[in-house]
**Student:** 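Starting off with a structure, shown below.
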Amino acid sequence: GSEAASEQGQEEEAEDRLKEHMDNLLDKSAKTRQAALQSLRLALSSKTLSEFLLERRLMLTDSLEKCLKKGKGEEQALAATVLTLLCLQMGSGPEGEEVFRSLKPLLVNVLTDSTASPSARQSCATALGMCCYIAAADLE
């Protein structure tokens with residue numbers, strides 16, 4: 001019994017940290033946003049969180065959109081990577097498709113922006129390819 005309670009407590013603690021990282025994506029400081037993106041990247045690449053993310057995908061999508069629009073270089077690259085992981089977590093269902101459809105134009109904008117950093121453009125190209133493969137319902 002105590003092992004299950006301990007595991008439940010750890011899971012709640014991890015979810016609280018994730019919520020904090022998601023809130024930090026809206027911070028004024030670029031350093032804070034980048035740290036939050038790095039933490040989210042680590043969390044999304046190490047654990048399946050689809051239930052947790054399902055409820056928060058719109059908020060996270062909005063935050064990633066702001067990071068892609070207003071961020072520069074490293075922040076855009078990290079946001080595109082987190083978006084790729086979010087698509088992987090959401091899968092090929094309507095939720096994953098919705099996330100991809102809402103951010104696809106931004107990914108294309110950064111990718112085709114010759115003033116964007118090479119790492120941001122590369123990350124957006126990877127995100128576009130992966131998300132398209134996973135979540136695009138439209139065959140085009």
Side-chain angles (χ1 to χ4, degrees):
S2 70
E3 208 174 279
S6 170
E7 196 173 295
Q8 177 73 27
Q10 286 176 337
E11 195 162 309
E12 285 174 12
E13 192 177 303
E15 285 184 3
D16 288 343
R17 279 195 309 272
L18 282 171
K19 288 175 192 171
E20 187 179 320
H21 297 316
M22 289 168 77
D23 289 341
N24 285 343
L25 290 178
L26 301 173
D27 199 271
K28 284 187 182 356
S29 163
K31 276 192 186 328
T32 303
R33 290 192 308 268
Q34 283 183 16
L37 286 165
Q38 287 171 333
S39 298
L40 285 169
R41 181 185 67 192
L42 187 64
L44 295 178
S45 61
S46 60
K47 191 173 183 188
T48 303
L49 301 160
S50 42
E51 288 296 316
F52 174 82
L53 292 170
L54 201 56
E55 304 164 13
R56 294 165 183 83
R57 73 183 183 282
L58 296 177
M59 180 215 165
L60 186 53
T61 303
D62 288 346
S63 299
L64 290 173
E65 180 179 335
K66 286 180 178 83
C67 290
L68 283 168
K69 274 184 182 174
K70 297 180 179 156
K72 298 284 179 241
E74 181 68 17
E75 183 178 346
Q76 288 177 315
L78 284 166
T81 302
V82 171
L83 172 61
T84 303
L85 293 167
L86 178 61
C87 266
L88 276 168
Q89 294 263 352
M90 291 291 98
S92 61
E95 294 85 7
E97 185 185 335
E98 177 186 0
V99 167
F100 174 60
R101 194 173 347 105
S102 67
L103 290 179
K104 179 185 170 195
L106 266 176
L107 291 172
V108 172
N109 283 351
V110 175
L111 179 61
T112 57
D113 179 1
S114 60
T115 62
S117 79
S119 66
R121 293 175 75 185
Q122 183 263 324
S123 265
C124 286
T126 301
L128 200 55
M130 286 294 292
C131 294
C132 189
Y133 180 74
I134 295 163
D138 185 5
L139 290 177
E140 277 183 46

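Fair warning: this is a prediction, and the values are worked out from it, not measured in the lab.
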**Student:** Any chance you could measure Leu88, atom CG, to Cys131, atom SG, to the nearest 0.5 Å?
**Tutor:**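 These two atoms lie 7.5 Å from each other.
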
**Student:** With respect to Arg57, which candidate in Gln89, Glu95, Glu98 satisfies the side-chain hydrogen bond (donor to acceptor under 3.5 Å, both in side chains) definition?
**Tutor:**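 Checked Gln89, Glu95, Glu98 against Arg57; only one passes side-chain hydrogen bond (donor to acceptor under 3.5 Å, both in side chains): Glu98.
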
**Student:** In the single-linkage hydrophobic clustering (I, L, V, M, F, W, Y; side-chain heavy atoms under 4.5 Å), do Val108 and Val110 co-cluster?
**Tutor:**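 No, no single cluster joins them.
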
**Student:** Show the nearest heavy-atom pair for residues Ala127 and Ala80, with the distance to one decimal.
**Tutor:**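 Looking at all heavy atoms of both residues, the shortest contact is CB-O, 3.5 Å.
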
**Student:** Give, for atom CD of Gln76 and atom CD of Gln34, the distance between the pair rounded to the nearest 0.5 Å.
**Tutor:**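 The CD atom of Gln34 is 10.5 Å from CD of Gln76, to the nearest 0.5 Å.
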
**Student:** Please round to the nearest 0.5 Å and tell me the distance separating atom NZ of Lys69 and atom CG of Leu106.
**Tutor:**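 Separation between the atoms: 5.5 Å.
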
**Student:** If you round to the nearest 0.5 Å, how far is OG1 of Thr61 from CG of Leu53?
**Tutor:**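 That separation rounds to 9.5 Å.
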
**Student:** On a heavy-atom basis, which atom in Ser102 and which in Pro105 lie closest, and how many Å separate them?
**Tutor:**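 That closest heavy-atom pairing would be O-CD, 3.9 Å.
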
**Student:** Group every Ile, Leu, Val, Met, Phe, Trp and Tyr by side-chain heavy-atom contacts under 4.5 Å, then state whether Leu83 and Leu54 land in the same group.
**Tutor:**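 In one cluster with Leu83: Leu54, yes.
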
**Student:** I'd like to check Thr81 versus Thr126 (side-chain heavy atoms, cut-off strictly below 4.5 Å). Are they in contact?
**Tutor:**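 In short, these two side chains do not touch, never coming nearer than 4.5 Å.
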
**Student:** Write down the atom of Met22, the atom of Ser63, and the distance for their closest heavy-atom approach.
**Tutor:**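 For Met22 versus Ser63, the nearest heavy atoms are O-OG, 4.2 Å.
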
**Student:** Using side-chain contact (heavy atoms from CB on, under 4.5 Å) as the criterion, list what pairs up with Leu42, not counting sequence neighbours.
**Tutor:**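 Residues passing side-chain contact (heavy atoms from CB on, under 4.5 Å) with Leu42: none at all.
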
**Student:** Report, as yes or no, whether the 6.0 Å neighbourhood of atom CE on Met59 holds more than 12 heavy atoms from other residues, nucleotides or ligands.
**Tutor:**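 Enclosed: over 12 neighbouring heavy atoms sit under 6.0 Å from CE of Met59.
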
**Student:** Any salt bridge linking Lys19 with Glu15? Criterion: basic side-chain nitrogen under 4.0 Å from a carboxylate oxygen.
**Tutor:**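 Looking at Glu15 together with Lys19, the answer is no, because their closest N to O distance does not fall below 4.0 Å.
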
**Student:** Any side-chain heavy-atom pair from Leu68 and Cys124 closer than 4.5 angstrom?
**Tutor:**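 They are in contact (side-chain heavy atoms under 4.5 Å apart), so the answer is yes.
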
**Student:** What's the shortest heavy-atom distance between Glu75 and Ala30, and which atoms?
**Tutor:**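 For Glu75 versus Ala30, the nearest heavy atoms are OE1-CB, 4.2 Å.
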
**Student:** With a 4.5 Å cut-off on side-chain heavy atoms, are Leu25 and Asp62 touching?
**Tutor:**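 Not touching, per the 4.5 Å side-chain cut-off.
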
**Student:** Is it true that a side-chain atom of Arg33 and a backbone atom of Asp27 form a donor plus acceptor pair closer than 3.5 Å?
**Tutor:**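 Looks like yes, one N/O pair under 3.5 Å.
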
**Student:** For the atom pair CZ (Arg41) and CD (Gln38), what is the distance rounded to the nearest 0.5 Å?
**Tutor:**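 Rounded to the nearest 0.5 Å, the CZ-CD separation comes to 5.5 Å.
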
**Student:** Side chain to side chain contact (heavy atoms under 4.5 Å, CB included) with Leu40: which of Asn24, Leu78, Leu60?
**Tutor:**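 Passing option: Leu60.
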
**Student:** Which atom pair, heavy atoms only, marks the closest approach of Ala79 to Cys67?
**Tutor:**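 For Ala79 versus Cys67, the nearest heavy atoms are CB-CB, 3.8 Å.
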
**Student:** How long is the gap from CD on Glu74 to NZ on Lys31, to the nearest 0.5 Å?
**Tutor:**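 Rounded to the nearest 0.5 Å, the CD-NZ separation comes to 11.0 Å.
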
**Student:** Assigning hydrophobic clusters by single linkage (Ile, Leu, Val, Met, Phe, Trp, Tyr; side-chain heavy-atom cutoff under 4.5 Å), is Leu18 placed with Leu26?
**Tutor:**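 In one cluster: no.
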
**Student:** Would you call Leu86 and Met90 a side-chain contact if the rule is heavy atoms closer than 4.5 Å?
**Tutor:**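 Yes, at least one pair of side-chain atoms sits under 4.5 Å.
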
**Student:** Return the minimal non-hydrogen interatomic distance between Met130 and Thr84, and the atom names on each side.
**Tutor:**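 Of all heavy-atom pairs spanning Met130 and Thr84, the closest is CB-CG2, 3.6 Å.
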
**Student:** Show your reasoning for whether side-chain hydrogen bond (donor to acceptor under 3.5 Å, both in side chains) applies to Ser117 and Ser119.
**Tutor:** CA-CA 5 Å; Ser117 79; Ser119 66; 3.3 Å; yes

**Student:** Just so I know, are the side chains of Leu128 and Phe100 near enough to count as touching, which here means a heavy-atom distance under 4.5 Å?
**Tutor:**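 Touching, per the 4.5 Å side-chain cut-off.
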
**Student:** Spell out, yes or no, whether Val82 and Tyr133 are grouped together once hydrophobic residues are joined by side-chain heavy atoms under 4.5 Å, including indirect joins.
**Tutor:**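 Yes, because Val82 and Tyr133 connect within a single hydrophobic cluster, where side-chain heavy atoms sit under 4.5 Å apart.
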
**Student:** Taking everything shown except Lys70 itself, do over 12 heavy atoms lie less than 6.0 Å from its NZ?
**Tutor:**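 Atom NZ in Lys70 is not crowded, with 12 or fewer foreign heavy atoms closer than 6.0 Å.
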
